[in-house]
There are 4 protein chains.
Amino acid sequence: MLLRKEGRRAQKKLIKENKLLDAAYHLFVEKGITATAIDEIVKKAGVAKGTFYLYFKDKEDILEKLILKKSSEIVKKALQEVSNKEFPSPVDKFLFFLEYIIDYLSKNRMLFRFLKKDFSWVFYKKITENDQLVEIKKAKEMFLKNFNTNYSQEELEMVIFMILELVSSLTYSSIVNSEPAPIEKVKPLLLSTIRKILEN
Amino acid sequence: MLLRKEGRRAQKKLIKENKLLDAAYHLFVEKGITATAIDEIVKKAGVAKGTFYLYFKDKEDILEKLILKKSSEIVKKALQEVSNKEFPSPVDKFLFFLEYIIDYLSKNRMLFRFLKKDFSWVFYKKITENDQLVEIKKAKEMFLKNFNTNYSQEELEMVIFMILELVSSLTYSSIVNSEPAPIEKVKPLLLSTIRKILEN
Amino acid sequence: MLLRKEGRRAQKKLIKENKLLDAAYHLFVEKGITATAIDEIVKKAGVAKGTFYLYFKDKEDILEKLILKKSSEIVKKALQEVSNKEFPSPVDKFLFFLEYIIDYLSKNRMLFRFLKKDFSWVFYKKITENDQLVEIKKAKEMFLKNFNTNYSQEELEMVIFMILELVSSLTYSSIVNSEPAPIEKVKPLLLSTIRKILEN
Amino acid sequence: MLLRKEGRRAQKKLIKENKLLDAAYHLFVEKGITATAIDEIVKKAGVAKGTFYLYFKDKEDILEKLILKKSSEIVKKALQEVSNKEFPSPVDKFLFFLEYIIDYLSKNRMLFRFLKKDFSWVFYKKITENDQLVEIKKAKEMFLKNFNTNYSQEELEMVIFMILELVSSLTYSSIVNSEPAPIEKVKPLLLSTIRKILEN
DNA sequence: GATGAATGAGCCTTCATTCAT
DNA sequence: TATGAATGAAGGCTCATTCAT
């Protein structure tokens, strides 16, 4: 009985937090971060202003949590997609994974504009507390262990990070500014370059 | 007589503009962009508040001009350095050029933090009006024409852009967050990767 | 059985009230009254927010009760001390009583800062309900009846009040602001002045 | 021409500052300090909210300046009054000075409630920069030099301070709370006590 | 009695921008 | 050109208080 009561409360709490995250997400994507007032977020979420500060320290805080959430959602989807297919080699698998993300972001320009270059490659953030990310960490290990390269383990870690930075940075520039060219033109070159980096 | 007067005026104007740019630069670097109020800029520059709006549209405006100015300064220095040396190949020349910039930014963390990932590679901005950048454009052509690669001209342009994005993005992450590792560890790997990309 | 239950309940109640008073006291003394939020009080006391309002009307209310409590504690201690000693005259007795309080407050600057000039001389508050103060009232009468002065009873009451105001006001200023001088310098002059007032 | 312009500006500035001080004064006295919002002050003063912060750091700041202003006004009036009369002795002069202030405050209960016990005896604040207070300092010296007492100079300073504390503290209590009695009853006793202190 | 999530009025403060001088 | 006082919308944040559980 007590447990059920507490459970219901905790549930309600979670609902409110998600309402706020959702509202913030849509506003951030639509009008940009700076232009979005907390006033608007709570109005859209249908809660009182004070409630916001019950769940988040300030705008920065909710933003950070949002980026993490959205990033990990995308990465999870990509991993799911990858696990449903067979690939000739681990590198092909990895390239497919990257391509899936590039395509996803191409279709969600505004989301990407919001994630900016702060798209977090999740596995490289030092988030140990967050339970949701365990499977993502496993995926990372999977990639790392299966590449057949001349790189040492340490180098390989750095190379992967480098590649992820390159992908997000270039994809951003291409999608948002069409520089150096639209994404359709950039993508093949980008992927072939990555292959070149991994298969030496 | 009239001419001299006008000359003096223009000079005075330039002095004020530079005072403002200088003041803004130091404040941006020290306290961050958002945290810097125009009030402080004009105070530091020793001019009246209204004067700011005589030279710049708003904070964005002065920021943009500042980034361009600082970026082009760095690039110019790097090009100067390059032109004083002999290199075994154009790729070596280019790598030296990149290394010089990486080293420079390493020594000026705060500057980089301010330039953020907005470091502008100048030759890729569509700045046609700005006369100062002509020589930089020439430098770009020099690089482009002398690489001996399998890439088409169009591809090569994109690859260069890609490399520049990679350098700024990764160097930033490494210098500011030490991710994936400190710059000393990342640099050799980065440079060798770039060489791999260019020399196929 | 019922009685015992009720007793326990009443006891529990008292415990909570005291926890709240204690928590409030420490916070008021440490960070000041305005800067202390009820949120912090309940957190420190380890009770729920709503519980606060079960025992006190608002911040004012707990503050008032706290001042009364602390003031009466000090006065009681002073009276105890006095009753253990012999004095050449009632005036000497009274002066010793005052000196004891001054010394006590000197050693507890922060407490005094909190009591501010609101230190309550207890016997002058019209507290009829509060049972704890009966003995203090008796003490007051003791002082009043034994002074050998030219004052009428009514005048004497006022003079005593005047003296108490003077002591708290000047001691406060001296202890907290060192004005007109540190308490060591002020105390002898203050006491001799009071003697002069009483022994005319 | 330039001077006149600047003069006019400075004049206007002073007018605004005074408008704000006036508005704050009336609101503080009427509704209390905490209950007065800066919003109301600026509305009453007829200026924009931001203007407030052009002249004062915060509510504390304007309050402090106000207390100083009002206190010094009263003291000045009292000194003026004193200088127009002849007195049998310096002590009589001083007592008249005090009585004038007591009477003034009796007639302005609300003002006193606002000044609270923070009534500043001006000459004891270490205000050296403030030019307006020079004459008041002179007055202080006048009092100090002319008393014919057994006190050393240092003691006398302390005694005067003590008396001023006593007067403000007791008068406050008497006027605002009628404790230990209404001011009409307290005043004669207070003054005779002070005489006793000074004429030993 | 006890809880603590939710409230939302209310406050302070900042700052880009204007405009009379 | 240059000034800087004035603006006031806008926004962030706090906190005493309530009330369903």
Side-chain angles (χ1 to χ4, degrees), chain A residues 1-2 4-10 12-13 15-17 34-43 46-60, chain B residues 9-10 12-13 16 34-43 46-61, chain C residues 9-10 12-13 16 34-43 46-61, chain D residues 1-2 4-10 12-13 15-17 34-43 46-60:
Chain A
M1 178 65 192
L2 197 95
R4 241 167 87 198
K5 248 188 200 167
E6 301 240 326
R8 241 186 252 153
R9 259 199 192 177
K12 263 194 177 175
K13 250 182 102 167
I15 288 172
K16 288 246 155 112
E17 185 170 348
T34 322
T36 299
I38 288 176
D39 243 343
E40 298 173 279
I41 297 176
V42 296
K43 205 165 279 173
V47 301
K49 211 169 188 177
T51 307
F52 178 92
Y53 292 93
L54 237 46
Y55 294 96
F56 309 98
K57 218 180 110 281
D58 50 24
K59 222 204 275 180
E60 276 290 273
Chain B
R9 260 196 198 176
K12 259 193 178 176
K13 228 181 126 172
K16 288 231 163 137
T34 322
T36 299
I38 288 180
D39 232 348
E40 298 173 277
I41 297 175
V42 296
K43 208 164 277 172
V47 302
K49 215 167 179 180
T51 307
F52 179 92
Y53 292 90
L54 252 37
Y55 294 97
F56 307 98
K57 212 180 116 280
D58 50 26
K59 220 206 276 181
E60 276 291 272
D61 189 28
Chain C
R9 259 197 198 172
K12 260 193 177 174
K13 229 181 120 173
K16 289 228 161 138
T34 321
T36 298
I38 288 179
D39 232 350
E40 298 174 280
I41 297 175
V42 296
K43 207 164 278 174
V47 301
K49 215 167 180 181
T51 308
F52 179 91
Y53 292 90
L54 251 38
Y55 295 97
F56 307 99
K57 216 179 111 280
D58 50 25
K59 220 207 275 183
E60 277 290 271
D61 189 27
Chain D
M1 178 65 189
L2 196 93
R4 241 166 89 196
K5 249 189 199 167
E6 302 240 326
R8 241 186 252 156
R9 260 198 193 180
K12 263 194 176 176
K13 249 181 103 167
I15 288 172
K16 287 245 155 114
E17 186 170 349
T34 321
T36 299
I38 288 178
D39 241 343
E40 298 173 279
I41 297 175
V42 296
K43 205 166 279 176
V47 301
K49 213 167 186 177
T51 307
F52 178 91
Y53 293 92
L54 238 45
Y55 293 97
F56 309 100
K57 215 180 112 282
D58 50 25
K59 223 205 274 180
E60 276 290 273

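Just so it is clear, the structure is predicted and the values come from calculations on it, not from any experiment. Lettering of chains follows the sequences in order, A, B, ..., and the numbering in each one begins at 1.
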Rounded distance in Å - [atom1] ([X]) to [atom2] ([N]):
X	N	atom1	atom2	result
C:Asp39	E:dT7	CG	P	16 Å
A:Lys57	F:dG12	NZ	P	13 Å
C:Ile41	F:dT17	CD1	C1'	14 Å
B:Lys43	F:dA5	NZ	C1'	13 Å
B:Phe56	E:dT18	CZ	C1'	19 Å
B:Leu54	E:dC19	CG	P	15 Å
D:Glu60	E:dC11	CD	C1'	15 Å
A:Phe52	E:dA5	CZ	P	17 Å

- Message: Tell me every residue that passes salt bridge (charged side-chain N to carboxylate O under 4.0 Å, His left out) with C:Asp61, counting only those two or more places apart in sequence or in another chain.
- Response: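 Testing C:Asp61 for salt bridge (charged side-chain N to carboxylate O under 4.0 Å, His left out), a comparison that skips the adjacent residues, returns C:Lys65.
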
- Task: Under the salt bridge (charged side-chain N to carboxylate O under 4.0 Å, His left out) rule, collect the residues that match up with A:Lys49, sequence neighbours excluded.
- Result: A:Asp39

- Closest non-hydrogen atom pair, D:Lys59 against D:Thr34: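 Nearest pair, atom of D:Lys59 first, then D:Thr34: NZ-O, 3.4 Å.
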
- Message: Please find the pair of heavy atoms, one from A:Phe56 and one from A:Glu17, that lie closest to each other, and give the distance.
- Response: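 The answer is CZ-CG, 3.8 Å.
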
- Note: for A:Lys13 and B:Glu40 on DNA chain E, the residue whose nearest nucleotide lies more 5' is A:Lys13

- Note on the structure: Contacts of A:Tyr55 and D:Ile38 projected onto DNA chain E by closest heavy atom; the upstream (5') one is A:Tyr55

- Item | Derivation and outcome, side chain to side chain contact (heavy atoms under 4.5 Å, CB included), residues C:Thr36 and C:Ile41 | CA-CA 8 Å; C:Thr36 298; C:Ile41 297 175; 3.8 Å; yes

Measuring to OP1 and OP2 of [N], would you say a side-chain N or O of [X] lies under 4.0 angstrom away?
X	N	result
C:Lys59	F:dA16	yes
B:Thr51	F:dA2	no
A:Lys16	E:dA6	yes

- Message: Judged by each residue's nearest nucleotide on DNA chain F, which is more toward the 5′ side, B:Ala48 or C:Thr36?
- Response: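 Going by which nucleotide is closer to the 5' end, it is B:Ala48.
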
- Base, sugar-phosphate, or nothing: which does B:Val42 touch, judged by heavy atoms less than 4.0 Å apart?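 No contact.
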
- Sort by first number and list every stem of DNA chain F: at least 3 consecutive Watson-Crick or G-U wobble pairs, both distances under 3.5 Å.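 If one scans DNA chain F for consecutive Watson-Crick or G-U pairs, the stems found are E:2-21 with F:2-21.
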
- Item | Value rounded to 0.5 Å, distance of NZ in A:Lys13 from NZ in A:Lys16 |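 With rounding to 0.5 Å, NZ (A:Lys13) is 11.5 Å from NZ (A:Lys16).
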
- Query: Mind checking the P distance from E:dG1 to F:dT21? Whole angstroms is fine.
  - Reply: 22 Å

- Side chain of C:Tyr53 (C-beta onward), nearest among F:dC13, F:dT18, F:dT1: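 Nearest to the side-chain atoms of C:Tyr53, counting from C-beta on, is F:dT18.
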
- Give a yes or no on whether a donor-acceptor pair under 3.5 Å exists between the nucleobase atoms of E:dT7, that is its base, and the side chain of A:Lys49.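 No pair found.
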
